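Here the structure is laid out as structure tokens; the discussion comes afterwards.
Predicted model, so just to flag it, every value in this text is computed and none were measured. Indexing begins at 1, ligand by ligand and atom by atom, following the structure's order.
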Amino acid sequence: MRPDTASLPDASIAELRALLDRREVSSVEATRAYLDHIGAVDGAVRAYLQVTEDVALQQAAEADARLAAGETGPVLGVPMALKDLISTEGIETTCGSRILRGYRPPYDATTYARLRKGGAVLLGKLNMDEFAMGSSNENSAFGITANPWDLSTVPGGSSGGSAAAVAAREAAFTLGSDTGGSVRQPAALCGVVGVKPTYGRVSRFGLIAFASSLDQIGPFTRTVEDSALVLSLIAGHDPLDSTSVPLAVPDYASALGGDLRGLRVGVPDEYFVEGIEPGVEGAVRAAIEQLESLGAQAVRVSLPSTGYALATYYIIAPSEASSNLARYDGVKYGYRSPEGEDLIETYLRTRDEGFGPEVKRRIMIGTYALSSGYYDAYYLKAQKVRTLIKAEFDRVFEQCDVIAAPTSPSVAFKLGSRTADPLSMYLSDVLTIPPSMAGIPAINVPCGFSDGLPVGLQLICKAFDEATMLRVAHAYERSTEWHLRRPPLLISVAGS
Ligand code: GLN
């Protein structure tokens, strides 16, 4: 029987795969269903900066030709979208900034190239905090994105558009980037799965850089299985990124399944401290009990440097950003102020007019921390603390196989409620930054609701042990029904 195409956006990648392979639906039909659905809901969600309708329909027709020739593959013909800092040749890529408005990259990011090779279909580019700096998407130069669960709240950030699009069924999956939490925190706030792979696991070639010792690209999906499928495709060594590691990539989806008997789940005291909303703590503690009921054993562990991670991050990340963002000078590409009388004035005006306030704040913090006389006191000290944070994780992983903790200390907060206070915004990432500093993988899995808004469980593993992380997340997900709930917005939209 032919499925009703209006309900197609509700399918997971794995479900859509089956429909495409059985030829019950074509990629063009699925793509049109997504485009219609985006037309119906994105006026309210505003996840997309750009819908690439013509590109999508052409890529879908190509996918249909490959399907007709007997080809298959996890994402062949599957509609997806990308955070607007992943370069797409000839397609505007703004990084959420005025300084890159109109910039059309001359090449594809490796992650996009791999998805294209696999036959995925690009629906468009997604909103984000400018240069991935932020936790609410409110730092975008191009307007806010709303959380599909409650349109008066934020979707999280900086990959807010990527998370909101998956929650609102506006793409089968999306990619985002995570420097200090930008995949996991919005995934938690939007009730979807989000993966930050190990540093070095996924190529950053063509990812617009924020903090190069931390940036990683990762998938947003509605199920853990779907994240496993996408990660297997985008992971692996890339000669174009010297930080990508030449290690074999397991077939993550086939590693799923089995029970959790014998698995030790570390529960760090420092992640359940003052400031965590009771509804978040309750849901995460219940999730840990659920893991125990699946055969795992919970062990109390301690990561004493956790409290220093945020301060350390806000030295190291801005320092790297101040260096990375030096390239936006109005000369090579992007916005150029028409007012400059000479070269120096052109630089100054371009950067003043092109960058928003949060980006300027970070450049100033980073420049200060790196300046001679302060370098030892700030940057060097922060690097030493970073080493301690990593060593503590190494020690804790002698006592357990996976760490379980909340992803975000709060559920989605009201739009505008934290914009006047940068510190309260920075605290949104207090629990996601430590694994980022250690370079280790972490995932967000939906684990309940508090006041009607999603709560996320964060599972953290050893470097390059994404397989264990996904297996635990999958076992948890299969034993609950949180991932099956739909945002109220979808119920009110006719035909979705
Ligand atoms: N919210 C954090 C910040 O503003 C993390 C951002 C990210 O991971 N890109 O820096």
Side-chain angles (χ1 to χ4, degrees), residues 82-86 95-97 126-141 145 154-163 174-190 194-199 202 204 207-220 309-322 324-325 355-366 369 382 386 407-410 412-413 418-419 421-444 456 458 460:
L82 302 172
K83 185 177 182 180
D84 207 21
L85 46 40
I86 295 179
C95 213
S97 181
L126 299 161
N127 202 7
M128 56 179 287
D129 285 301
E130 184 176 7
F131 281 95
M133 298 171 187
S135 308
S136 68
N137 239 69
E138 293 163 298
N139 294 337
S140 168
T145 295
V154 304
S158 63
S159 315
S162 302
T174 61
L175 294 186
S177 65
D178 191 312
T179 302
S182 281
V183 168
R184 290 160 286 159
Q185 184 259 12
L189 270 46
C190 289
V195 178
K196 184 203 90 78
T198 310
Y199 185 77
V202 175
R204 288 103 48 85
L207 169 73
I208 297 177
F210 164 12
S212 302
S213 75
L214 295 156
D215 299 341
Q216 267 292 289
I217 295 175
F220 287 87
L310 190 75
T312 311
Y313 172 87
Y314 276 100
I315 302 284
I316 293 175
S319 296
E320 294 181 12
S322 72
N324 273 326
L325 272 58
F355 289 137
E358 183 61 29
V359 174
K360 287 178 184 161
R361 181 180 295 125
R362 304 278 179 115
I363 292 173
M364 286 191 279
I365 295 172
R386 184 175 187 176
T407 302
S408 161
S410 74
F413 43 93
R418 295 191 187 171
T419 38
D421 180 0
L423 198 58
S424 80
M425 192 69 90
Y426 295 174
L427 281 166
S428 312
D429 297 289
V430 67
L431 305 176
T432 49
I433 281 175
S436 300
M437 298 303 274
I440 54 182
I443 188 171
N444 176 73
Q458 182 177 208
I460 306 164

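Ring orientation note: the planes of Tyr313 and Phe210 are nearly perpendicular, at an angle over 60° on the 30°/60° scale.
Considering both main-chain and side-chain atoms, Met133 never comes within under 3.5 Å of ligand 1 through any nitrogen or oxygen pair. The distance criterion of under 3.5 Å between nitrogen or oxygen atoms is not met by Lys83 with respect to ligand 1. Below 3.5 Å of separation, one finds an N or O of Ser135 facing an N or O of ligand 1. At least one N/O-N/O distance between Gly180 and ligand 1 falls below 3.5 Å. Taking distance alone, with nitrogen or oxygen atoms compared against 3.5 Å, Arg362 approaches ligand 1 more closely than that limit. Residue-to-ligand polar distances keep Phe210 apart from ligand 1: every N/O pair is separated by 3.5 Å or more.
Atoms of ligand 1 lying under 4.0 Å from any heavy atom of Tyr313, numbered from 1 in the order shown and given with element: 2 (C), 3 (C), 5 (C), 6 (C), 10 (O). Under a 4.0 Å criterion applied to the non-hydrogen atoms of Ala132, ligand 1 contributes the atoms 6 (C), 7 (C), 9 (N). Below 4.0 Å from some heavy atom of Tyr314 lie the following atoms of ligand 1, by number and element: 2 (C), 3 (C), 4 (O), 10 (O). Distances below 4.0 Å separate heavy atoms of Ser158 from the following atoms of ligand 1: 9 (N).
Checked by atom type, the side-chain pair Asn127/Thr145 shows a donor-acceptor distance below 3.5 Å. When only modelled atom types and interatomic distance are considered, Ser436 and Arg386 share no side-chain donor-acceptor pair under 3.5 Å. Donor-acceptor pairing under 3.5 Å is recorded for the side chains of Ser212 and Asn324. Defined by atom type and a distance below 3.5 Å, a donor-acceptor pair is missing between the side-chain atoms of Ser182 and Lys83.
Residue contacts with ligand 1 for Asp429 involve side-chain atoms from C-beta outward but no N, CA, C or O (heavy atoms, distance under 4.0 Å). Proximity of Ser182 to ligand 1, defined as any heavy-atom pair under 4.0 Å, is shared by backbone and side chain alike.
Between the side chain of Arg184 and the backbone N or O of Thr432 there is at least one donor-acceptor pair closer than 3.5 Å.
The closest approach between a heavy atom of Ala317 and any atom of ligand 1 is not below 4.0 Å.
Screening Asp215, Leu85, Val183 for a side-chain contact (heavy atoms from CB on, under 4.5 Å) involving Ser177 leaves a single residue, Leu85.
The shortest distance between side-chain heavy atoms of Arg418 and Ser136 does not fall below 4.5 Å. Inter-residue side-chain proximity for Leu325 and Phe131 is flagged as met; some heavy-atom pair is nearer than 4.5 Å.
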